[in-house]
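First the structure, in the form of structure tokens, and then the observations on it.
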Amino acid sequence: MRDFISKKAKQIKPSGIRKFFDIAAESKDVISLGVGEPDFITPWEIRDAGVNSIKKGYTQYTSNKGMIPLREEISQYLKKFSVNFSADDIIITVGASEAIDLSLRAVVDEGDEVLIPDPSYVSYKPCVELAGGVPVSIPCSGKNGFKLTAKALKSVITDKTKVLIFPYPNNPTGGIMEKEFIEEIIPVILEHDLLVISDEIYAELTYGGEHCSIASFDELKDRVVLINGFSKAFAMTGWRVGFVCAPKEILGAMLKIHQYTTICAPIFSQYAALEGLVRGKEDNYAVVNEMRTEYDKRRRFMVKAFNDMGLECFEPKGAFYIFPSVEKLGLTGEEFATKLLRSKKVAVVPGDAFGEFGKYYIRCSYAYSMKNLMEASERIASFVKELKQ
């Protein structure tokens, strides 16, 4: 019998996140800090809107782009980040994950190079490869908060470079790009005629200041694809509803792919997301602000805990992850995570799941209760102490 599996599918590595999550799920008494999922339940009003839409019989397809009222509300919502996209420039997607895949398949030709800050979210590289592109890592250092610098960006550009993925606030590092740092890389983007795919799913989870969107810069108006969604800020991971905004020509290409592969995002999820935006606008996004405040509390606790262990730990300014280095212990992140799980039953993710430059780091999510974070940090501290003896 012939081998039916495609070469591309064979070459893709399984998710490093899921590997440790699956091990933890099969073990007793394991505290998992591995998955980036809010421990908050979707707010009642949002859940109720989804349920009511089903009760009213709203179970049909929507337009391919998604419900017009939802796209209009998203257009208004983005103005809080000084971003201007009309409802016609938006497609509602099955989570931000579909938006990433759509964006890359719409613009990448075979052999095109796509630049990815490293460390970054696990999906970018395989999605580039599935689109026929060549992923190219841009090394980012914890010494400067894992920011993308103009120097690092220039160093990897070739005549085959077409796209820059811009993943800030960053998963797994928690790094952000403030306005002045974005301004430094804009001339490089323009000089080399790059398209920017900006994944801003953690935009609402920025601490100590407001999120700055690269899509807010006039110079980049026609070369930014913006991705966002409702999973993180509105605690709607399982609803699978996100959105992508793009210049009309690029959005048209994405829409064709979306029509043939997904048709539309689930209608009840769209009604729920609409309620989240409408209610949020009325109460100044009280639910989002409440979650951000709680995450900030957990963030500060985890930074102190790792620093008290003597591990180098950059203070994350966004998302809900902490990314300490374990290099001083003479271990890679993979070795540390494996031994920690076996010894203390705490699951964390090795940093190299997010790129080669994460080799000596581990990622811990603080989207868990303080009770779990306190117990987990005590177990990790005990493990680190044993390693040092």
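Under the 6.0 Å cut-off for aromatic ring centres, F81 and Y77 qualify, their centroids lying closer than that. Less than 6.0 angstrom separates the ring centroid of F146 from the ring centroid of F314. Between Y124 and Y121, a ring centre-to-centre spacing shorter than 6.0 Å is recorded. A centroid separation of 6.0 Å or more is found between the aromatic rings of Y207 and Y295.
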Check step by step if side-chain contact (heavy atoms from CB on, under 4.5 Å) holds for R223 and I189. CA-CA 9 Å; R223 62 175 70 243; I189 293 170; 3.8 Å; yes
Determine whether E73 and L274 satisfy the following criterion, side-chain contact (heavy atoms from CB on, under 4.5 Å), listing intermediate values before the conclusion. CA-CA 7 Å; E73 284 296 332; L274 176 60; 3.5 Å; yes
Tell me, with the steps shown, if V136 and V114 meet side-chain contact (heavy atoms from CB on, under 4.5 Å). CA-CA 6 Å; V136 177; V114 178; over 6 Å; no
Mind running side-chain contact (heavy atoms from CB on, under 4.5 Å) on V349 and I362 for me, showing each step along the way? CA-CA 6 Å; V349 182; I362 58 171; over 6 Å; no
Pair K154, E191 - check salt bridge (charged side-chain N to carboxylate O under 4.0 Å, His left out), show working. CA-CA 10 Å; K154 286 180 183 178; E191 178 185 352; 5.5 Å; no
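Proximity of V244 to L226: side-chain heavy atoms (C-beta onward) are nowhere separated by under 4.5 Å. Using a 4.5 Å cut-off on side-chain heavy atoms (C-beta onward), L78 and E200 make no contact. V326 has its side chain out of reach of Y361: every pair of non-hydrogen atoms, C-beta onward, lies at least 4.5 Å apart. L164 has its side chain within reach of L153: a pair of non-hydrogen atoms, C-beta onward, lies under 4.5 Å apart. Using a 4.5 Å heavy-atom cutoff, the side chains of T93 and T262 are not in contact. Contact annotation: the side chain of I380 approaches that of F336 to within less than 4.5 Å [non-hydrogen atoms, C-beta and beyond]. Contact annotation: the side chain of L251 never approaches that of L255 to less than 4.5 Å [non-hydrogen atoms, C-beta and beyond]. Side-chain contact check for T158 versus E113: some heavy-atom pair is nearer than 4.5 Å.
Expressed to the nearest 0.5 Å, how far SG of C364 lies from CG of L340 amounts to 8.0 Å. With values rounded to the nearest 0.5 angstrom, L102 atom CG is found 12.5 Å from K256 atom NZ. Put simply, CD1 on I91 and CD1 on I74 are 11.5 Å apart, with the number rounded to the nearest 0.5 Å. Residue F354 holds its CZ atom at 13.5 Å from CD1 of I116, rounded to the nearest 0.5 Å. In this structure, OG in S120 is found 8.0 Å from CD1 in I165, a value given to the nearest 0.5 Å. Taking NE2 of H211 as the start and NZ of K317 as the end, the distance is 16.0 Å to the nearest 0.5 Å.
Between R240 and E98 there is no salt bridge, since no side-chain N of the basic residue sits under 4.0 Å from a carboxylate O of the acidic one. Salt bridge present: R292 and E204 bring a charged side-chain N and a carboxylate O closer than 4.0 Å. Ion pair K328/E312 flagged as a salt bridge, since at least one NZ, NE, NH1 or NH2 atom sits closer than 4.0 Å to an Asp/Glu carboxylate oxygen. In this structure, R299 pairs ionically with D296, as a charged nitrogen and a carboxylate oxygen lie closer than 4.0 Å. Note on K339 versus E335: no salt bridge recorded, every NZ/NE/NH1/NH2 to OD/OE distance being 4.0 Å or above. Between R279 and D283, no side-chain nitrogen of the basic residue sits less than 4.0 Å from a carboxylate oxygen of the acidic one, so the salt-bridge criterion is not met. A salt bridge is absent between K232 and E37; no separation between the charged side-chain nitrogens and carboxylate oxygens falls under 4.0 Å. A salt bridge links E294 with R298; the closest basic N to acidic carboxylate O contact falls under 4.0 Å. Between R71 and D89, no side-chain nitrogen of the basic residue sits less than 4.0 Å from a carboxylate oxygen of the acidic one, so the salt-bridge criterion is not met. In this structure, E334 does not pair ionically with K359, as no charged nitrogen and carboxylate oxygen lie closer than 4.0 Å. Here E386 pairs with K344 in a salt bridge; the nearest charged N to carboxylate O distance falls below 4.0 Å.
For N170 (side chain) and P167 (main-chain N/O), a donor-acceptor pair under 3.5 Å exists by modelled atom type. Checked by atom type and distance alone, the side chain of S365 pairs as donor or acceptor with a backbone atom of A367 at under 3.5 Å. At least one donor-acceptor pair under 3.5 Å links the side chain of S6 to the backbone N or O of A9. The backbone N or O of A286 lies less than 3.5 Å from no partner atom in the side chain of N284, so there is not a single donor-acceptor pair. Here the side chain of Y285 pairs no donor or acceptor atom with the backbone of E290 at under 3.5 angstrom. Formation of a donor-acceptor pair under 3.5 Å by the S141 side chain with backbone atoms of K143 is found in this model. Remark: side-chain polar atoms of T42 are not paired, donor with acceptor, to backbone N or O of R47 under 3.5 angstrom. D112 places a side-chain N or O within donor-acceptor distance of the main-chain N or O of D109, the cut-off being under 3.5 Å. Counting only distance, with no hydrogens or angles, the side chain of S382 and the backbone of E378 share no donor-acceptor pair below 3.5 Å. Looking only at distances, a side-chain donor or acceptor of R379 sits under 3.5 Å from a matching main-chain atom of K345.
Following chains of ILVMFWY side-chain contacts shorter than 4.5 Å, one cannot reach F166 starting from V107, and the two form parts of different hydrophobic clusters. Hydrophobic clustering, with ILVMFWY side chains joined whenever heavy atoms are under 4.5 angstrom apart, groups L33 together with M374. Both L373 and L311 sit in one connected hydrophobic cluster of ILVMFWY residues. Membership requires side-chain heavy atoms under 4.5 Å apart, directly or through other members. Hydrophobic cluster membership is shared by F40 and M302, with clusters built from Ile, Leu, Val, Met, Phe, Trp and Tyr side chains linked at under 4.5 angstrom. Criterion: ILVMFWY side-chain heavy atoms under 4.5 Å apart, direct or through other members. Under it, L277 and I201 are not part of a common hydrophobic cluster.
Between the side chains of N64 and Q259, at least one donor N or O lies within less than 3.5 Å of an accepting N or O.
The heavy-atom pair separating G276 from F234 by the smallest distance is O-CE2, 3.6 Å. Of all heavy-atom pairs spanning G133 and P135, the tightest one is O-CD, 3.7 Å.
Residue-environment remark: CE (M370) exceeds the threshold of 12 foreign heavy atoms within 6.0 Å. Within 6.0 Å of NZ in K79 there are more than 12 heavy atoms belonging to other residues, nucleotides or ligands. By the neighbour-count criterion of 12 heavy atoms within 6.0 Å, atom CG of L190 is densely surrounded, having more than that number from other residues, nucleotides or ligands.
Results of the side chain to side chain contact (heavy atoms under 4.5 Å, CB included) test with S103 over I257, V163, I250, I197 single out I197 as the only residue that passes.
Sorted by first and then second residue, the side chain to side chain donor-acceptor pair (under 3.5 Å) pairs with a member in residues 53-62 read T62-Q270; sequence neighbours excluded. Within the structure, ring-ring contact (aromatic ring centres under 6.0 Å, His included) contacts touching residues 184-205 (residues at least two apart or in different chains) are Y202-F320, Y202-Y321.
By the side chain to side chain contact (heavy atoms under 4.5 Å, CB included) test, Y360 pairs with E327, T332, sequence neighbours left out.
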